[in-house]
Amino acid sequence: MDDSHVVIIDNKEILIEQEQNLLELVRKAQIDLPTFCYHSELSVYGACRLCMVDVEGMGLVPACSTPPLAGMKVHTNTEETRKMRRIIVELLLANHSQNCPTCQKSTTCQLQTLARRLGITTIRFKNQNRDVPLDCSSPSLVRDQNKCVLCGDCVRICSEVQSVGAIDFAYRGMHTVVTPSFGKDLDKVECVNCGQCARVCPTGALTPKSEVDEVWKALHDPDKTVIAEVAPAVRVAIGEMFGLEPGVTTTGQIVAALKAIGFDKVFDTSFTADLTVLEESTEFIGRIEKNEHIPQFTSCCPAWVKFVEQYYPEFVSHLSSCKSPQQMFGALAKDILTGSLKVKREDMVVVSIMPCTAKKFEAKRDEFTHDGTPDVDHVLTTQELGRMIEEAGLHFKELSPESFHLPFGFKTGAGVIFGNSGGVSEAVLRYVTERLTGERRENYEYKSVRGESGIRETLLNVKGKEFSLAVVSGLGNARTLLEKIKSGESRYDLVEVMACPGGCIGGAGQPISRDPAVKQKRTKGIFENDRMLELHKSQQNPYVIELYKDTLGEIGGHKAHELLHTGYKNRKRMVDGGMTLSGFNGESALEVNVCFGTSCFLRGSQKLFHDILGHIRMNNLDDMVTVSASFCYEKCDKGPTIRIGDTVIEGCTIEAAVEAIERQTGPFKREVTHHA
Amino acid sequence: METLRKFERVCEIVDQNGRNEARLIPILQAIQVEYRYLPEEILTFVATSLGISPARVFGVATFYSLFTLKPKGKHVIRICNGTACHVKQSMDLYDIICTRLNLVAGQDTDPDMLFTVETVNCLGACGLAPAMVINEEVYGQLTPERALALIDDIIRKETGNEPDHYGA
């Protein structure tokens with residue numbers, strides 16, 4: 001071994017290759033040095049101090065933030081480092097909630113695991129837990145500050161990977177907390193519900209919100225017909241909760257378990273993914289022909305949709321109008337299945353099983369509620385289904401595989417690969433190329449859209465026309481790409497975005513795993529599924545063809561639009577009011593309200609505001625006009641937006657504002673003269 | 001029009017700092033000079049104009065004890081409770097001043113928004129213990145009588161009344 005690149009770790013020679021820090025090298029030596037705050041996908045933070053090692057000549061150093069140097073002699077288990085680790089864990093436990101048996105993270109919690117690994121049987125310090133109330137405001141996530149160890153993983157993934165920054169550290173010292181801005185509830189801020197914070201949280205401080213109780217209640221109600229739909233990414237992951245390797249397909253066992261638990265019908269979300277392919281591709285071809293709203297963005301991922309609604313109003317019209325497969329299923333179930341099963345809408349309960357926390361939010365959106373009942377009643381994450389199977393006492397691995405019910409249980413491989421980043425694009429390509437060329441193609445795999453990188457680009461030539469595609473996962477990557485599109489640096493025809501790195505297989509509802517290769521293994525499982533299936537292209541799905549023939553009519557037609565499409569709109573980031581800036585609160589005062597949301601701000605609302613004030617002052621209108629600022633009219637794509645009296649002016653100029661002010665203060669002025 | 005003038009000033013402050021997120025602390029300091037505290041909607045505006053998340057701005061604003069998110073009185077009295085001042089009974093001064101201003105436990109600002117009374121952990125004026133700061137001025141080697149006299153002067157100046165019944 002070349003001595004110039006060798007570090008000695010616990011008397012073993014380890015070669016430095018790509019490792020950026022000592023911690024990675026220690027782990028390469030097959031020593032599981034514990035950490036809370038180190039994640040290879042995030043910046044190095046150095047807060048938890050659990051990875052302290054003794055380096056000869058340097059003393060104690062945190063391994064995560066020490067670069068490896070040749071010749072270092074590292075000891076990971078000295079008396080001092082062992083003592084230190086135990087004290088750190090004891091101190092953390094002293095201000096930690098002590099209700100492990102009832103915690104959602106019990107058995108997967110890293111603090112619990114570490115306490116056991118380090119043999120901590122008593123906590124010598126007085127319990128300092130403050131008993132802060134839970135934040136259950138979000139439909140997707142629960143925040144329990146009593147279980148927070150302040151490692152900052154959630155804060156960093158939210159800002160560094162997702163570029164949202166909905167939560168951050170606040171206050172100081174012993175009062176430090178992780179919180180949304182101004183201590184607001186999570187549903188009042190810009191959180192997109194992707195749940196990546198919960199995925200990286202080592203404890204139970206951030207967890208997916210459980211709907212297990214509601215689902216059991218529906219199952220026990222004899223008047224209800226309970227229908228399940230299972231998303232593609234669930235089948236390659238749930239086995240992990242029962243001791244199987246990541247990526248092992250357990251579709252048949254999931255169906256068997258759902259039937260045993262008491263679901264009346266079990267269907268496959270991949271079926272509606274096949275429908276999505278046909279609808280979205282047709283929409284895409286239409287847009288290309290008309291050259292409008294290009295690039296088309298996929299809209300299957302509800303966290304991404306909310307992200308666009310909040311941050312990129314100018315691109316909302318570029319989102320595909322297709323509902324996500326989850327919501328297409330809900331609409332079909334409540335419209336068509338209610339008829340074929342002879343069940344009233346209010347007596348049908350649709351439960352979707354998803355790898356995702358944002359799907360819980362999506363199901364509750366107003367767009368997807370009709371006649372007072374949602375199309376999808378409950379969303380269970382993969383984890384929650386696993387817990388239901390555990391509660392029911394089913395030996396999951398031993399269950400004899402069963403098949404989905406028909407017709408919505410039949411899918412092609414195209415509907416299954418939706419679970420991976422790149423899957424939607426590949427499925428669309430499998431249809432679009434055949435439709436545009438009119439030829440059947442033998443090969444169905446488009447390897448150019450596959451891969452692990454967060455932004456992948458590919459050019460595709462179909463019948464002499466070149467299409468430019470981008471496949472993105474992770475919202476930070478999406479932001480980078482959108483900025484490039486805005487600046488004109490990049491041009492695409494179709495862009496697929498999944499909020500979670502790696503796509504749905506890496507969703508926050510998936511089983512908690514410490515295997516660094518877990519995403520690759522699940523992805524591999526998804527593609528194996530595709531290969532094992534008889535059909536690979538959505539247009540070949542006989543039940544989809546039949547559905548169009550019998551019920552939906554044409555692809556992209558009237559009935560299809562009614563059931564399978566929707567619209568999205570701009571959305572405020574913060575749910576709160578604005579502020580009044582000048583005060584004359586007489587009843588006849590004209591109110592002028594200037595939007596200071598980001599979009600309007602960037603479009604010059606500050607200058608406009610300044611000019612309006614100048615005009616008011618110069619014309620002595622101070623007593624007649626109240627000026628206030630608000631933080632969003634949700635018309636961001638047409639900013640700067642201002643409201644003058646009851647008129648909302650989009651793309652407002654100072655001339656337009658002055659004209660409206662003059663017109664609307666006219667009557668007041670006459671009144672003033674009259675009184676004088 | 002006072003609030004309006006202030007908001008224009010905020011816009012100015014943000015522009016003078018080049019809308020640069022690295023200048024967040026100086027921006028917040030300047031805004032606090034205007035408002036004597038950091039109003040929530042102004043912090044949201046600052047986040048918007050710097051292109052950072054409101055949670056980050058809130059984090060910075062709550063980290064430093066000289067930033068405040070609650071409106072403060074016109075005169076801010078900070079009584080030192082560092083070790084040196086503490087052993088010289090600085091907390092007696094605190095109690096006497098709170099009693100004079102009729103502040104009940106847990107309340108640090110009087111209803112007329114004239115005074116805010118706080119403790120600080122060390123002013124770095126240990127040689128002058130016990131010490132306090134009124135607005136920007138440091139007073140040292142205080143006795144309860146001298147401290148009260150300083151407060152009473154302000155009350156007289158502000159209200160034109162004798163201090164005995166302030167806040168009663």
So which part of B:Ile52 gets closer than 4.5 Å to some heavy atom of chain A, the side chain, the backbone, both or neither? neither
Need one label for A:Val177: side chain, backbone, both or neither, based on atoms under 4.5 Å from any heavy atom in chain B. neither
I'd like to know if the side chain of B:Ser53 reaches the main chain of A:Gly165, judged simply by a donor and an acceptor atom lying under 3.5 Å from each other, with no hydrogens or angles considered. yes
With a sphere of 6.0 Å drawn around NE2 of B:His86, does it hold more than 12 non-hydrogen atoms of other residues, nucleotides or ligands? no
For A:Ser159, which atoms come within 4.5 Å of any heavy atom of chain B: side chain, backbone, both, or neither? side chain
If you measure from CD on B:Glu40 to OG on A:Ser181, what distance do you get to the nearest 0.5 Å? 7.0 Å
Measure the shortest side-chain to side-chain distance between B:Pro54 and A:Glu190 over non-hydrogen atoms and say whether it is less than 4.5 angstrom. yes
For residues B:Phe58 and A:Ala170, report the shortest heavy-atom separation together with the two atoms involved. CE2-CB, 3.6 Å
Does the ring center of A:Phe169 lie less than 6.0 Å from the ring center of B:Phe63? no
Could B:Glu8 and A:Lys607 be called an ion pair, given the rule that one side-chain N must be under 4.0 Å from one carboxylate O? no
Could you check whether atom NZ of B:Lys88 has more than 12 heavy atoms from other residues, nucleotides or ligands sitting under 6.0 Å from it? no
Over all atoms of both residues, closest heavy-atom pair of A:Phe182 and B:Thr44: CE1-OG1, 3.5 Å
Is there a side-chain contact between B:Val14 and A:Gln606 (heavy atoms, below 4.5 Å)? no
Contact between B:Cys11 and A:His610 at the side-chain level, heavy atoms closer than 4.5 Å - yes or no? no
If you count heavy atoms of other groups shown closer than 6.0 angstrom to CZ of B:Arg56, is the number above 12? no
